[in-house]
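Excluded from the calculations below are hydrogen atoms, water molecules and symmetry mates; all remaining heavy atoms, backbone and side chain alike, are included. This is a predicted model, so every value here is computed, not measured. Chain letters run A, B, ... following the sequence lines, proteins first, then strands; residues in each count from 1.
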Protein chains: 2
Amino acid sequence: MEANIESKFKAAVSVDNVVFGFDNNDLKVLLIYRGAEPYKDCWALPGDLISLDQDLEQSAENVLQNLTGLDNIYMDQIHTFGRVDRHPFGRVFTVAYFALIKIQDYMVKPSSWAEEAAWFPINEVPELPFDHMEILEYAKDLLKNKIRHQPIGFELLPKYFTLTEIQSLYEAILETQFDTRNFRKKLLSMNLIVDTGRQQKEVAHRPAKLYKYITKRYAQLQQIGFSFDL
Amino acid sequence: MEANIESKFKAAVSVDNVVFGFDNNDLKVLLIYRGAEPYKDCWALPGDLISLDQDLEQSAENVLQNLTGLDNIYMDQIHTFGRVDRHPFGRVFTVAYFALIKIQDYMVKPSSWAEEAAWFPINEVPELPFDHMEILEYAKDLLKNKIRHQPIGFELLPKYFTLTEIQSLYEAILETQFDTRNFRKKLLSMNLIVDTGRQQKEVAHRPAKLYKYITKRYAQLQQIGFSFDL
DNA sequence: AACACAAAGTGTGTAAATTACACTTATTCA
DNA sequence: TGAATAAGTGTAATTTACACACTTTGTGTT
């Protein structure tokens, strides 16, 4: 009854993460500067081979943990890429994930496979090795779709944020413009965010109210058939 | 510069297909009766190990081709499952796909790994081996979401179909009821289907008009910002 | 030929949601 | 104290969604 899988089926599997952040009205992606072959000295998506004793999800989280020191990050599996020739050293499948992080919380941390890590505005990404550009495009499309139907935009903002900030986040990702009054009306009518009573400080104009996102509220509303849409 | 990947990273990768069909007002899924270990003599999702010289997408299509003899099938990658212990013979990742087929076109074909294949109504699926039940649940959820935002329901219907048929397809998948008049109004207003002039024959009631789906139309409409929603 | 049966097919009024649109307010800085 | 900057706010018009019931067209039976 015990048996083994023939070695003619044995390939490597990696995870690659598309890590999004939002800052200064720009959607950004986190890239690492590769310190090892192949494609040494290139900017690339952070990723790693999966060792045999690690669950898939766990591996994806570890990559992120090593890189940012952050935990409890919103992550989602995107797609798996498996062209025969996608890796020069042999057959390597890669499972792509995307992660949304509050860029303000991000701390640089040394890692084994990266000499450096940096944020790139989504429209200023350099050439990427392997099929990483295809993965990134896939991730962007998914983010665009997902952000309209699930309240995940808040994952990219600080704990306290202004209505203008969330609007420009949506505008940056969806590459459109929204009418301010209508956008606010709709967003507030969902009861997912509340005015904290706090205000912006030291801005050279009328200070904006600071809101926060109520995680629990969404779960409750979903149960009564509510569906998020922006 | 040439190098190899260490064998401590080598695992097997398989594809598993969730094949949906629609018949007699029921959503159905195609299962095979396993002829080989592990889980010999169980009903399971059709799938196979990927050999090293085959692209991922290609493998998924081949599984379906072997099983049904059908080509040009709507397929979509669902998710990749990679729990360490999901396969008793070793580390096996599996990439799950779903396929939508016109059940009327389906022809039984012998295959190497299946003694038999059969359609099961979605609510009468037997116990499944591995994490196949989890995969099936995943596929059902995806189908539910996808069918509301993309015109993929037509892939499950014969070339010529009635409005009642497509309505009951939607009702079966989404597990809701639609108002006939409103459903038709909305569907027809999208201009994605047209009256062929043909009619049902030999039915013991007023014969329904037969419509067909215009594939090209959707591509055109998408470009001008149209979005499908039902 | 007439009638029963079965599912197909069709329109309108009402409520809700979406859109378009421009001025006033609060704060900093010179 | 005035200029600059972004925040904040309401209403009317249009569009879309929803609720709702009877007539039509065929088959099969007597």
Report the residue (Asn182(B) or Thr164(B)) whose heavy-atom-nearest nucleotide on DNA chain C is the more 5′ of the two.
Thr164(B)
In whole Å, I'd like the distance from the CG atom of Leu163(A) to the C1' atom of dT25(C).
16 Å
Under 4.0 Å between any heavy atoms, over every strand shown, what does Lys209(A) touch: base, sugar-phosphate, or nothing? Just pick one.
sugar-phosphate
Could you state the atom-to-atom distance from CG of Leu187(B) to P of dA17(D) in whole Å?
13 Å
Give Thr162(A) one of three labels, base, sugar-phosphate or nothing, depending on what nucleic acid heavy atoms sit under 4.0 Å from its own.
nothing
Rounded off to whole Å, could you give me the NZ-to-C1' distance for the Lys201(A) and dA7(D) pair?
18 Å
For residues 201-224 of chain B, tabulate all N or O donor-acceptor pairs below 3.5 Å that involve a side-chain atom, not counting sequence neighbours.
unit_1	atom_1	unit_2	atom_2	d
Arg217(B)	NH1	Asn191(B)	O	3.0
Tyr218(B)	OH	Gln222(B)	NE2	3.4

Separation of dA6(D) C1' from Gln200(A) CD (nearest whole Å):
9 Å
Using atom NE2 of His205(A) as one end and atom C1' of dT25(C) as the other, report the distance to the nearest whole Å.
13 Å
Round to the nearest Å and state the distance from Gln177(B) atom CD to dC20(D) atom P.
15 Å
Nearest to side-chain heavy atoms of Arg184(B), which nucleotide of dG9(C), dA7(D), dC20(D)
dG9(C)
Nearest-angstrom distance from the residue atom NZ of Lys185(A) to C1' of dC21(C)
10 Å
Between Glu134(A) and Arg86(A), is the closest basic N to carboxylate O distance under 4.0 Å?
no
Looking at Ser14(A) and Thr94(A), what are the two nearest heavy atoms and their distance?
OG-OG1, 2.7 Å
Judged by nearest nucleotide, the residue sitting upstream toward the 5' end of DNA chain C, Lys186(A) or Tyr211(B), is Tyr211(B)
Of all the choices, dC20(D), dG9(C), dA26(C), which nucleotide is nearest to the side chain of Asp179(B) once you look at every atom?
dC20(D)
Looking at dT27(D), dT9(D), dG9(C), which one has an atom nearest to any side-chain atom of Ala204(B)?
dT27(D)
So with a 6.0 Å cut-off around CZ of Arg148(B), is the heavy-atom count from everything else above 12?
no
Minimum-distance pair of heavy atoms, taken over all atoms of Gln77(B) and Thr80(A):
OE1-N, 2.7 Å
What's the CZ-P distance between Arg206(A) and dC23(C), to the nearest Å?
17 Å
Looking across every strand, which nucleic acid part, if any, lies under 4.0 Å from Gln199(A) by heavy atom: base, sugar-phosphate, or nothing?
sugar-phosphate
